[in-house]
Amino acid sequence: MTVRTRFAPSPTGYLHIGGVRTALFNWLFAKHNGGQFILRIDDTDQQRNVEEALEPILHGLKWLGINWDEGPGVGGPHAPYYQSQRYDKYQAVVDELIAKGFAYRDYAKPEELQAQRDEAQKKKETFVYNRQWMADTPEKEAQFKAEGRQGVVRLKTPLEGKLELDDLIRGHVEFDWAQEQDHVIQRADGSFIYHLANIVDDHDFEITHVIRAEEHLSNTPRQVFMIDALGWERPQYAHLPFVAEPGSKTKLSKRKLDKYMKNKDFSGLVNHGLELAKKMGLEVSADTFNPVITDFFEQQGYLPEAIVNYLALLGWSLDDHTEDFTPEELIANFTLERVVKGAASFDCAKLLSFEHRYMDRQSVERKTELCLPFAVKAGWVANDDAGKAKVAKVVAGASERIKMAADILNFEEFFLADDALPYVQKDVDKRLKKEGAQALLKKFADDVLAPAEVWEAAPLEEAMKVWLESNGIGIGEIIHALRVATTGKSVGIGMFEALEILGKESTLARIEKALTL
RNA sequence: GCCCCCAUCGUCUAGUGGCCCAGGACACAGGAUUCUCAGUCCUGUUACAGGGGUUCGAAUCCCCUUGGGGGUACCA
């Protein structure tokens, strides 16, 4: 039997990082077993602009390389893959459950039920509906309707016994049927409850393994009850631990950004992103531009493989030392047996370290390709060979300082015109305005830079050394002023590499201007 | 309240009765290198939630407590 797994997002307009982890594990498990991964959309009639709200989710999954074999955009033998287009199927199943006596029409009013619940609560008893308004005969049904009651369909769950399940991650789990309510599966307005739709879709799509977040574990009995009632084969279940907040074991939510911002690593990641966004002229809102949403990473040019690698390790490990996995290696090694049971909290610092490591491994050519679009967007270079060559030079010089593609934006000094170069005032004050600094700088420019014939890093450095020695000057006395004068700030790439990239003309022009500051 | 699930360094984890006075990674701290920053290289601090059992022996098995999460909805 072919292994088939699925991911079933609701069209919410964004792809949540916890959802990605669930999708990833489903995808890895299917691929590891030579099976298929299906994407199904849990939308409802009420939702407007489903396509629009779905787009970021599909886009995000594709960006991460999590491709689906069936679903939106690719079709498949079990179409439609949208719940809102599958109501006929749900209705047929509800009718069947009623016909077979596993479900019934119920005419209780919400307030009547609530009163009974409160009563049970007061007596500290588990509430079990007494089926008082169950319409098990046509007469009763007519009577309830005559009373103006609205009907729902409820499951007729067993009053005793227990359900035993073997979860692929949790192991053996037992539930008492007596604890289960007669859950509603179809509302008074005719719409269907998630659990019903869910099992019908999984059955139709021939899903063999249901891999989902652990909050669904307690929901499983009511779903299994329906599956058994219909005589269908149960899928195998695997309930994943949830993804928790940074530095805590509470479930991660996109609504609690303020709280997460108190976490140093989290706020560091966000602030770095915000700075880059500003340089890109990107309009960002905290709603979508934060590390809980995958879009955040894509917009800054993170490497999707790095994110996938990090996420794979959030609740799964191969052994006690292997950390780096290509997608292919993940597929080859992924098993549910090695998924942990406890919640794993989202660690921005570790994610960032994966990104750094992955970026370091890229060739200058590849990094240039990744960075170029950002430099183009900033209006610094054209998207042509000249632009590419310029970016390549900066990328080579910056080497490991570029941790994500958008970091190229931190090297504006190499792209801006000489007269447009911004200066960091405190660096100017400290390095250029220092007693004698400007005079020394001028002497250096006149003695060494102006006459230089070969404008490359190594000869320039050599020339400076000779000059320093013959004048009895330490390198520290000149180089900081030179850096601020040519780049506008006191931090940056190697001084001589920087000069080489700038070129002789710019270097001299900038020094000249710096002498007037 | 009741039911279910979970619990090893700050974080991700290894560990399935002796190999563990607990290993790796990230983070953190100190040092080295360097023109700054980044990086790199050393070095270091830090954990079996608590209490009872079982056993010659427990992070590992059992029970209780505590803590976290979920369900108990005409939410998903």
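Chain letters run A, B, ... following the sequence lines, proteins first, then strands; residues in each count from 1. What you see is a predicted model, and the numbers here were worked out from it, not measured in a lab.
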Span that lies between the C1' atom of B/A58 and that of B/C41, in whole angstrom
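Per the computed distance, 39 Å lies between those C1' atoms.
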Between B/A22 and B/A76 - P atom distance, rounded Å:
50 Å
With a 4.0 Å cutoff (strictly under), does any side-chain N or O of [X] reach OP1 or OP2 of [N]?
| X | N | result |
| --- | --- | --- |
| A/Lys249 | B/C5 | no |
| A/Ser317 | B/A14 | yes |
| A/Arg187 | B/C75 | yes |
| A/Arg222 | B/U72 | yes |
| A/Ser191 | B/C74 | no |
| A/Thr250 | B/G69 | yes |

Which of the following nucleotides, B/C5, B/C74, B/U36, is nearest to the side chain of A/Val491?
B/U36
Check every atom of B/G39, B/C6, B/A38 against the side chain of A/Glu400 and return the nucleotide holding the closest atom.
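For the A/Glu400 side chain, the nearest candidate turns out to be B/G39.
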Whether A/Tyr358 and A/Phe354 hold their rings parallel, tilted or perpendicular, with breakpoints at 30° and 60°
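Answer is tilted, since the angle falls between 30° and 60°.
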So, A/Arg222 versus A/His195: side-chain donor-acceptor pair below 3.5 Å or not?
yes
[N] pairs with, by Watson-Crick or G-U criteria that keep both distances under 3.5 Å:
| N | value |
| --- | --- |
| B/A7 | B/U66 |
| B/A29 | B/U43 |
| B/U54 | none |
| B/C48 | none |
| B/G1 | B/U72 |

If stacking means aromatic ring centre less than 5.5 angstrom from the base's six-membered ring centre, planes under 30°, is A/His216 stacked on B/A76?
yes
Report yes or no: does A/Tyr129 contribute a side-chain atom to a donor-acceptor pair with the main-chain N or O of A/Trp133 at less than 3.5 Å?
yes
Does any N or O in the side chain of A/Arg40 come within less than 3.5 Å of the main-chain N or O of A/Gly71, such that one atom is a donor and the other an acceptor?
no
So, under a plain 3.5 Å distance rule, would you say the side chain of [X] forms a donor-acceptor pair with the base of [N]?
| X | N | answer |
| --- | --- | --- |
| A/Asp347 | B/A27 | no |
| A/Lys403 | B/A38 | no |
| A/Arg483 | B/C35 | yes |

Between A/Glu323 and A/Arg357, is any pair of side-chain heavy atoms under 4.5 Å apart?
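A side-chain contact exists here, since the closest heavy-atom pair is under 4.5 Å.
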Students often get this wrong, so: under 4.0 angstrom with heavy atoms, is A/Glu323 touching a base, only sugar-phosphate, or nothing?
base
When all nucleic acid strands are considered with a 4.0 Å heavy-atom cut-off, which category describes A/Arg338: base, sugar-phosphate, or nothing?
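Sugar-phosphate contact only.
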